[in-house]
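Here the structure comes first, spelled out in structure tokens, and everything after it is commentary.
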Amino acid sequence: MLYHSTRNKSLSVPSAQAIAQGIAADGGLFVPESIPEMTAADFNALKNLPYAERAARIFKLYLTDFTDEELRECTKNAYESGNFETPNVQEITKLADGTMLLELWHGPTCAFKDMALQILPHFLTKSIKKSGIEREVVILTATSGDTGKAALAGFQDVEGTKIMVFYPEDGVSSMQKRQMQTQEGENVRVCAVKGNFDDCQNGVKAIFTDADMQAALAANNMQFSSANSINWGRLVPQIVYYVSAYITMLEQGILKDGERFNLTVPTGNFGNILAAWYAKQMGVPIQHLVCASNVNNVLTEFIETGVYDRNRTFHATVSPSMDILISSNLERLLYHMTHEDDALIQEWFGKLKTDGKYEIPTEIAHRIQAEFSGSCWDDDATKDMIGKVFSENGYLSDTHTAVGICAARDYQENASEKLPMLVASTANPYKFGNAVLEAIDSVPADIDEYAILDLLNEKSKMPIPAALASLKTKPVRFSDSVEKSEMPAYVKAKLGIA
């Protein structure tokens, strides 16, 4: 299995090199040359296996230059080393209205990013060796909140790597910021950017493709890679959890072999829902994909109109991990939807960079609309749904999951065919405690985030994750803040390169 750049399909590399590089030299994203298919027999063969073994077998379909032994070692270290609070790694909870929630937040940083970022360091270290790379690898990552902490935790003190995370100074929750600022490890660095997530992401992409920066790295025996979902090694574990979720629903008798269901995914950078689309192409019987957004509704508008326009007001919301106007992984979907027309991808994403806008032909828009719909919800609707779900079920959802439930209920209400609905639940509600408490009760004045955790625990009886409770006594290690234009100089300074 080779991987092509979305902007030059003649550029082909094996999976290990794609993971080690993170992003193609031309700025494109790596995509598999084909999408493997699974049959009913293949799905049934994975029933009653532990998550790590199930994952290793699915990874083998994509990472063909890894041995079975290497994949099992990676999955065992990621998913069977006590890193997840549930032995199943992911859980499915059913609400009173029949909606099912795929809980992806039982990992060490309480967010779905752990599902991928607990295994990416193992993939990366093996990929470096396979690719004959002898340089130190610098993981450069932009985060809207959850990726940063999950990446820092995954790469903490991993030999042969350094990791540097940029986050929007006022664009993450207080708990997310605290998680990053207190991160332990000798090889980690965290810095705020005076801007939004798109400023962080654009800055990181520009650094990746800057020739002078690359030369300076090479002169100091270093090279960049990424922990964002632009890295195929981040995206493929997300495909795995959707395939695994289907198998679990078969095991539990929720679905019969081949029975179709709908799937709603709250997403900003489009990676989480793109992974679901790949799972669908593999044979998971997903009928329709609902892309749930907050008021930063660039994806909803794109799906409905075929026009992608980031030239709009940016809103800071109670679901900050979706406060994104440039959805990087959409590039991969468009590459597939255009039947691998790399010239079109170059044209559109060139326009996005220069004009902040591009429009796709009606035919391609219709292909996307046949499989996706978009739905966007504001903060009031989000909090109202948290309150409704809690009063109806005694179940506490985070703000991002609530956006997903809003979209799922709206879609189901208007759907001509009533199929089972699964919603990706992306974070533990305690990560966004202030907004969640506001949704179910009043928030006392002058209360800190840790007292909010206690109040939520008192009202919901849901255990406070130890990883969040322990932050109160951890010292802040990182308080750097830079303008977006200062990011390259900051990277050079912290790496000690000229």
Side-chain angles (χ1 to χ4, degrees), residues 6 22-23 27-31 104 111-117 120 139-151 165-168 171-172 176 193 195-206 208 226-239 241-242 264-278 289-303 308-310 312 314-317 319-335 348-349 352-353 356 368 372 374 376 399-401 403-404 407 424 426-427:
T6 52
I23 189 170
L29 306 186
F30 287 115
V31 291
L104 299 168
F112 79 102
K113 306 296 177 72
D114 290 322
M115 299 291 290
L117 284 164
L120 180 59
I139 311 297
L140 198 61
T141 296
T143 183
S144 56
D146 287 332
T147 290
K149 173 59 180 177
V165 169
F166 290 98
Y167 70 92
V172 300
Q176 288 174 313
V193 174
N196 58 40
F197 170 74
D198 292 317
D199 295 322
C200 299
Q201 181 167 248
N202 289 338
V204 164
K205 284 183 177 179
F208 258 98
S226 174
N228 285 98
S229 55
I230 57 174
N231 190 321
W232 181 253
R234 245 292 303 275
L235 193 62
V236 69
Q238 296 180 260
I239 301 172
Y241 60 63
Y242 287 117
T264 298
V265 183
T267 187
N269 218 14
F270 206 74
N272 204 7
I273 197 166
L274 177 67
W277 182 82
Y278 277 118
L289 290 158
V290 181
C291 178
S293 304
N294 59 28
V295 291
N296 293 296
N297 63 341
V298 64
L299 284 170
T300 300
E301 183 180 282
F302 172 74
I303 292 169
Y308 195 101
D309 188 356
R310 64 173 173 83
R312 64 184 67 216
F314 176 88
H315 300 280
T317 74
S319 48
S321 296
M322 296 191 294
D323 291 349
I324 296 171
L325 295 181
I326 301 177
S327 304
S328 291
N329 273 288
L330 190 59
E331 181 169 340
R332 283 185 166 114
L333 179 70
L334 289 172
Y335 178 81
W348 293 339
F349 286 85
L352 183 64
K353 185 176 181 179
I368 293 171
F372 294 85
C376 56
T399 50
H400 305 76
T401 302
V403 170
T426 57

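What you see is a predicted model, and the numbers here were worked out from it, not measured in a lab. For this chain, numbers begin at 1 and follow the sequence in order.
By the side chain to side chain contact (heavy atoms under 4.5 Å, CB included) test, L330 is found to be paired with F270, L299, F302, Y308, L333, L334, Y358, residues two or more places apart in sequence or in another chain being considered. Taking the side chain to side chain contact (heavy atoms under 4.5 Å, CB included) definition, one finds that N196 meets it with D198, D199, F314, sequence neighbours left out. Applying the side-chain hydrogen bond (donor to acceptor under 3.5 Å, both in side chains) test to Y241 and every residue at least two apart in sequence or in another chain returns Q238, N272. For S229, the side-chain hydrogen bond (donor to acceptor under 3.5 Å, both in side chains) partners at least two apart in sequence or on another chain are N329. In this view, N228 satisfies the side-chain hydrogen bond (donor to acceptor under 3.5 Å, both in side chains) rule with no residue, not counting sequence neighbours. The side chain to side chain contact (heavy atoms under 4.5 Å, CB included) search around A427 returns D146, D398, F432, not counting sequence neighbours.
Side-chain contact between F166 and L140: present, with at least one pair of heavy atoms (C-beta onward) separated by less than 4.5 Å. Side-chain contact between R312 and N297 is present, with at least one heavy-atom pair separated by less than 4.5 Å. Side-chain contact check for P237 versus M115: every heavy-atom pair is 4.5 Å or farther apart. A 4.5 Å side-chain heavy-atom check between Y278 and V31 finds at least one atom pair inside the cut-off.
Between S293 atom OG and I273 atom CD1 the span is 8.5 Å, to the nearest 0.5 Å. Taken from CG in D114 to NZ in K149, the straight-line distance is 9.5 Å, to the nearest 0.5 Å. Distance check, rounded to the nearest 0.5 Å: CD1 of I324 to CG of N296 gives 9.0 Å.
Considering all non-hydrogen atoms of both residues, P168 and G195 come closest at CB-O, 3.3 Å. Smallest separation of non-hydrogen atoms from H400 and S319: NE2-C, 3.2 Å. Between T264 and A407, the closest heavy-atom pair is CG2-CB, 4.0 Å. Nearest heavy-atom pair, H315 versus D323, reported as atom, atom and distance to 0.1 Å: O-CG, 3.4 Å.
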Decide yes or no on side chain to side chain contact (heavy atoms under 4.5 Å, CB included) for L117 and T147, but give the supporting numbers first. CA-CA 8 Å; L117 284 164; T147 290; 4.2 Å; yes

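Side-chain atoms of R332 do not come within 3.5 Å of backbone N or O of L29 as any donor-acceptor pair.
At a cut-off of 3.5 Å, with distance as the only test, no side-chain donor of S321 or K113 sits close to an acceptor on the other residue.
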